[in-house]
Amino acid sequence: MLQVTVMSVMPSDDIRLLDPYSLLAALGKKVIRPGGRGSSEAIFRLADFQPAQQVLDIGCGVGTTAIQIASRFGCQVTAVDIDNRMIGFAESNIHKAGVTEKISLQQGDILALPYADSVFDVVTIEAVSMFIRDQQAAIREAVRVCKPGGYVFDHEFVWVRTPPADLRLEFDNIVCSGMSFETEHEWRDLFLYSGQHDIQVIPIPFDLLTFRGMLRDEGLSGTISFLARTLSRQAYISRMLWLIRVLNKVAPYLSSVVIACKKKDGGTNSFQSSHQF
Ligand SMILES: C[S@@+](CC[C@H](N)C(=O)[O-])C[C@H]1O[C@@H](n2cnc3c(N)ncnc32)[C@H](O)[C@@H]1O
């Protein structure tokens, strides 16, 4: 297990520069993806995890999904993230959940995963590929490490209506610098380009920061702790108000999906596609 120290008192200037997911992680939020726990539950239903399966969670953030897969389904999970701060949060959460022997936590980049071909039964990616410049290479890499007949699940934002150009610019370049995504067709295409055809797209509502979404994802005590932590510093309050303001403006144009892809093993497709290409 990596040893990473999480800074407990962050200077206000650093808080003002935090990207949204680092901010939410610093405030103790456990679920940091557009569809909240709903997206993970969709993945769990489709994956039909079996004990002792090898699972890779790419861009694991604070470790919530890896912990669920290990504790609920008994799988052996490798959780990887590029960001040391996230690894630190994940390490602490995995320890608290008592599943250290079930989860191997590693620093790594989705574009260059340090694993051989075809080693994982299931690969999960939640709200990660949208931050990657070469998304085709990212998906190819995730598919590479998955066993033939195994599954790759990718949960990402999608535009459901074209937003005004200035709003889109603000969202892509200021809210999450370098973020980029289009429609569910674009995500599906990335899997098609990687040579996969057995693909299902499941729509998941975007309600990460609604009160209902907070309660569902963090529970009552988690929501109260999150609010208390936010209110504890002016820099947190300002940054959260800024984030909520932008997300409220952009929410009518946004939704999210889970893309489920069964890696080719020479057999026939098992998913019924929801759209024709
Ligand atoms: C929006 S957060 C999602 C975290 C987690 N998957 C979840 O759903 O709660 C995006 C995560 O992707 C990680 N990330 C960004 N670029 C990455 C890369 N190139 N390779 C691996 N992880 C990356 C970030 O550090 C962050 O933890």
Side-chain angles (χ1 to χ4, degrees), residues 18-44 46-47 55-69 77 79-83 85-87 89-90 93 108-111 113 122-139 141-142 151-160 171-184 186-188 190-191 201-210 213-214 216-218 243-244 246-247 250-251 253-261:
L18 284 177
D19 58 58
Y21 56 86
S22 301
L23 172 69
L24 296 175
L27 291 171
K29 196 164 186 339
K30 296 282 197 309
V31 177
I32 310 173
R33 46 191 163 278
R37 287 195 193 267
S39 66
S40 309
E41 291 301 329
I43 291 172
F44 298 164
L46 289 162
V55 178
L56 174 66
D57 185 34
I58 307 176
C60 65
V62 300
T64 307
T65 296
I67 291 168
Q68 290 273 308
I69 295 171
V77 184
V80 61
D81 201 287
I82 201 164
D83 184 342
R85 214 171 17 197
M86 287 298 191
I87 300 260
F89 290 126
N93 289 333
D109 185 346
I110 191 171
L111 289 171
L113 295 169
V122 178
V123 178
T124 57
I125 316 164
E126 291 178 296
V128 181
S129 312
M130 59 194 175
F131 297 107
I132 309 300
R133 193 173 292 275
D134 189 347
Q135 292 169 340
Q136 208 171 317
I139 299 303
E141 188 63 352
Y151 290 88
V152 179
F153 295 98
D154 189 11
H155 169 53
E156 304 291 347
F157 266 132
V158 291
W159 294 111
V160 285
F171 192 65
D172 284 358
N173 296 337
I174 302 172
V175 177
C176 280
S177 166
M179 183 160 73
S180 156
F181 57 90
E182 300 289 340
T183 63
E184 68 175 64
E186 177 210 40
W187 291 119
R188 181 197 286 265
L190 290 173
F191 282 90
V201 180
I202 302 106
I204 310 281
F206 164 48
D207 60 358
L208 178 69
L209 287 183
T210 61
M214 274 297 290
R216 177 204 56 209
D217 292 346
E218 310 299 327
L243 180 60
I244 289 169
V246 187
L247 286 182
V250 87
Y253 303 93
L254 275 182
S255 190
S256 73
V257 289
V258 166
I259 296 105
C261 169

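Counting begins at 1 with the first residue of the sequence.
Contact detail for G35 and I204: the closest heavy-atom pair is CA-CG2, 3.7 Å. Annotation for T183 and V158: closest pair C-CG1, 3.8 Å, computed over non-hydrogen atoms. Annotation for S255 and F206: closest pair CA-CB, 4.0 Å, computed over non-hydrogen atoms. Residues A26 and L18 share a closest heavy-atom pair of CB-CD1, 4.3 Å. Of all non-hydrogen atoms in A25 and V62, the two that sit nearest each other are CB-CG1, 3.7 Å.
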Run the numbers on V80 and L56 for side chain to side chain contact (heavy atoms under 4.5 Å, CB included), then give the verdict. CA-CA 8 Å; V80 61; L56 174 66; 3.9 Å; yes

Worked verdict on F153 versus V122 for side chain to side chain contact (heavy atoms under 4.5 Å, CB included): CA-CA 8 Å; F153 295 98; V122 178; 3.8 Å; yes

Please test Q68 against I43 for side chain to side chain contact (heavy atoms under 4.5 Å, CB included), starting from the C-alpha separation and ending with a verdict. CA-CA 12 Å; Q68 290 273 308; I43 291 172; over 6 Å; no

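Contact of the I259 side chain with the V152 side chain is not registered, since no non-hydrogen atoms from C-beta on lie closer than 4.5 Å. Residues V258 and D154 form no side-chain contact, since every pair of their non-hydrogen atoms from C-beta on lies 4.5 Å or further apart. Between L113 and I58, the closest side-chain pair of non-hydrogen atoms falls below 4.5 Å. Side-chain contact between Y151 and T124 is absent, with no heavy-atom pair separated by less than 4.5 Å.
W187 places no side-chain N or O within 3.5 Å of a backbone atom of V201 that could act as its donor or acceptor partner. Remark: the backbone N or O of M86 is not paired with any side-chain donor or acceptor of D81 at under 3.5 angstrom. Side-chain atoms of N93 do not come within 3.5 Å of backbone N or O of G63 as any donor-acceptor pair. Checked by atom type and distance alone, the side chain of H155 never pairs as donor or acceptor with a backbone atom of I125 at under 3.5 Å.
Every side chain to side chain contact (heavy atoms under 4.5 Å, CB included) that A138 has, sequence neighbours left out, goes to I110, L111, I132. D207 pairs by the side-chain hydrogen bond (donor to acceptor under 3.5 Å, both in side chains) definition with R212, R216, not counting sequence neighbours. In this view, D19 satisfies the salt bridge (Lys or Arg N to Asp or Glu O under 4.0 Å) rule with no residue, not counting sequence neighbours. Not counting sequence neighbours, F191 has no partner by the ring-ring contact (aromatic ring centres under 6.0 Å, His included) test. Residues passing the salt bridge (Lys or Arg N to Asp or Glu O under 4.0 Å) test with E156, sequence neighbours excluded: none. Residues meeting the side chain to side chain contact (heavy atoms under 4.5 Å, CB included) test with I82, sequence neighbours left out: D109. Residues forming a side-chain hydrogen bond (donor to acceptor under 3.5 Å, both in side chains) with D217 (at least two apart in sequence, or on another chain): none. For F131, the ring-ring contact (aromatic ring centres under 6.0 Å, His included) test picks out Y21, with sequence neighbours left out. Q135 is linked by a side-chain hydrogen bond (donor to acceptor under 3.5 Å, both in side chains) to nothing, counting only residues two or more places apart in sequence or in another chain. Checked against side-chain hydrogen bond (donor to acceptor under 3.5 Å, both in side chains), S256 has no partners two or more places apart in sequence or in another chain.
Note on residues 171-183: pairs passing salt bridge (charged side-chain N to carboxylate O under 4.0 Å, His left out), not counting sequence neighbours, are R168-D172, R168-E182. The side-chain hydrogen bond (donor to acceptor under 3.5 Å, both in side chains) analysis of residues 25-36, with sequence neighbours excluded, yields the pairs K29-E218, R33-S40, R33-T65, R33-E126.
A ring-centre distance under 6.0 Å is found for F171 and W159.
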